[in-house]
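Below is one structure; the comments refer to it alone.
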Amino acid sequence: MAEDQAAAVKETSAVEKQPETTGAEAPTVTITKRMMVAIDESDSSFYALQWVIDHFSNLLMTTEAAEAEGGLLTVVHVQSPSHHFAAFPAGPGGATAVYASSSMIESVKKAQQEASAALLSRALQMCRAKQIRTETLVLEGEAKDMICQAVEQMHVDLLVVGSRGLGKIKRAFIGSVSDYCAHHANCPILIVKPPKEITT
């Protein structure tokens, strides 16, 4: 019975796509597994990436069999949008907008690009250590929206995000990317909650 359940889990976790056929040849079924892990600078997001590597490496390895099945891990990082101005309180009842110079904007963009490159480099090292087929993606915008858009556009089979362990009050005020994705992503989502020693 346990073997039947394991087989059923494998069957339901795969997305089957029928390739086009020509002539009299019989269609073959290709199992495609495209997973996406969203990362940021938090330890919880890298814990989620390591969890995927540890638990799904057999689907994502760079072997001939895995490549034939199409297993691929996309590691995505979303940069905050760069604003050309900043508003701050400047007296009673009002705010003043200060426009940033072009050199300041370029400095901020360069710093974001360097931070993104460092995060993705760390993620790629983790994946290469286990020979995981990986691609990286850097987006700019609101993280929760951009992740959900990427999931839809790339036809992702499973989205994995870390949980920062925000309390109920913080989550209510600032929101949670994982909570938003759980309700809006166009695919199954796995929220990986790290052990308490990582979140504290």
Side-chain angles (χ1 to χ4, degrees), residues 2 5-15 32-61 66 71-80 112 115-200:
Q5 288 176 339
V9 168
K10 282 186 181 178
E11 289 175 7
T12 58
S13 66
V15 174
T32 302
K33 262 300 170 211
R34 184 175 196 122
M35 295 183 198
M36 179 180 283
V37 178
I39 63 166
D40 59 15
E41 60 283 339
S42 70
D43 289 338
S44 60
S45 70
F46 280 93
Y47 180 83
L49 176 60
Q50 187 62 53
W51 195 93
V52 167
I53 291 169
D54 292 343
H55 291 85
F56 292 111
S57 60
N58 59 334
L59 294 173
L60 301 167
M61 291 182 72
L72 178 66
L73 176 64
T74 302
V75 179
V76 63
H77 173 66
V78 182
Q79 297 176 347
S80 298
Q112 282 185 324
S116 294
L119 290 172
L120 293 175
S121 174
R122 179 179 168 195
L124 281 173
Q125 286 177 350
M126 292 169 65
C127 294
R128 285 183 184 142
K130 295 284 188 170
Q131 298 181 337
I132 304 293
R133 262 185 83 206
T134 309
E135 68 178 2
T136 60
L137 181 63
V138 176
L139 303 171
E140 184 176 306
E142 185 67 35
K144 56 190 178 184
D145 295 326
M146 298 307 295
I147 292 167
C148 289
Q149 286 177 18
V151 162
E152 187 172 345
Q153 291 171 357
M154 298 174 78
H155 307 288
V156 171
D157 298 313
L158 178 67
L159 171 63
V160 181
V161 294
S163 172
R164 291 192 180 186
L166 297 176
K168 291 179 183 178
I169 295 173
K170 277 188 179 178
R171 195 176 316 121
F173 282 107
I174 64 173
S176 163
V177 172
S178 58
D179 186 56
Y180 183 90
C181 290
H183 290 92
H184 295 91
N186 247 3
C187 71
I189 177 170
L190 175 64
I191 301 172
V192 179
K193 188 173 181 180
K196 288 188 181 214
E197 58 268 11
I198 290 180
T199 58
T200 55

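Position 1 is the first residue of the sequence, and the numbers go up from there. Computed from heavy atoms alone, side chains included, the values below leave out hydrogens, waters and symmetry copies. This one's a predicted model, so the numbers in the text were calculated from it and none came from an experiment.
Remark: S57 OG to I132 CD1 distance equals 5.0 Å, nearest 0.5 Å. H183 NE2 to S176 OG: the interatomic distance, rounded to the nearest 0.5 Å, is 10.0 Å. The CG atom of L73 sits 8.0 Å away from the CE atom of M35 when rounded to the nearest 0.5 Å. Here the CG atom belonging to L190 is positioned 11.0 Å from the OG atom belonging to S178, to the nearest 0.5 angstrom. Once rounded to the nearest 0.5 Å, the distance linking NZ of K193 with OG of S44 reads 11.5 Å. Expressed to the nearest 0.5 Å, how far CG of D40 lies from OG of S45 amounts to 4.0 Å.
Listed by chain and number, the residues in a salt bridge (charged side-chain N to carboxylate O under 4.0 Å, His left out) with E135 are R34 (sequence neighbours excluded). Residues satisfying the side chain to side chain contact (heavy atoms under 4.5 Å, CB included) test with M146, not counting sequence neighbours, are V78, L139, Q149. By the salt bridge (charged side-chain N to carboxylate O under 4.0 Å, His left out) test, E41 pairs with R164, sequence neighbours left out. Scanning for side-chain hydrogen bond (donor to acceptor under 3.5 Å, both in side chains) contacts around D145 gives Y180, with sequence neighbours left out. For T134, there are no side-chain hydrogen bond (donor to acceptor under 3.5 Å, both in side chains) partners, not counting sequence neighbours.
A 4.5 Å side-chain heavy-atom check between T74 and V156 finds every atom pair outside the cut-off. Side-chain atoms of M154 and M36, non-hydrogen and from C-beta on, do get closer than 4.5 Å to each other. Put simply, the side chain of L158 reaches to within 4.5 Å of the side chain of F56, judged on heavy atoms.
In this structure, the side chain of H155 does not engage the main chain of V151 through any donor-acceptor pair within 3.5 Å. No donor-acceptor distance shorter than 3.5 angstrom exists from the side chain of R133 to the backbone of L72, with no hydrogens or angles considered.
Between D157 and K33, the shortest heavy-atom contact is OD2-CA, 3.3 Å. A pairwise comparison of heavy atoms in P194 and S163 identifies CD-O, 3.2 Å as the closest pair.
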For side-chain contact (heavy atoms from CB on, under 4.5 Å), just list the numbers for Q50 and M126, CA-CA rounded to whole Å, side-chain angles, deciding distance to a tenth of an Å, and then say yes or no. CA-CA 7 Å; Q50 187 62 53; M126 292 169 65; 3.2 Å; yes

side-chain contact (heavy atoms from CB on, under 4.5 Å) for I189 and V161? Distances and angles first, verdict last. CA-CA 8 Å; I189 177 170; V161 294; 3.9 Å; yes

Please set out all donor-acceptor pairs under 3.5 angstrom arising from side-chain atoms of residues 115-123, sequence neighbours excluded.
residue	atom	partner	partner atom	Å
S116	OG	H77	NE2	3.4
S116	OG	Q79	NE2	2.7
S116	OG	Q112	O	3.1

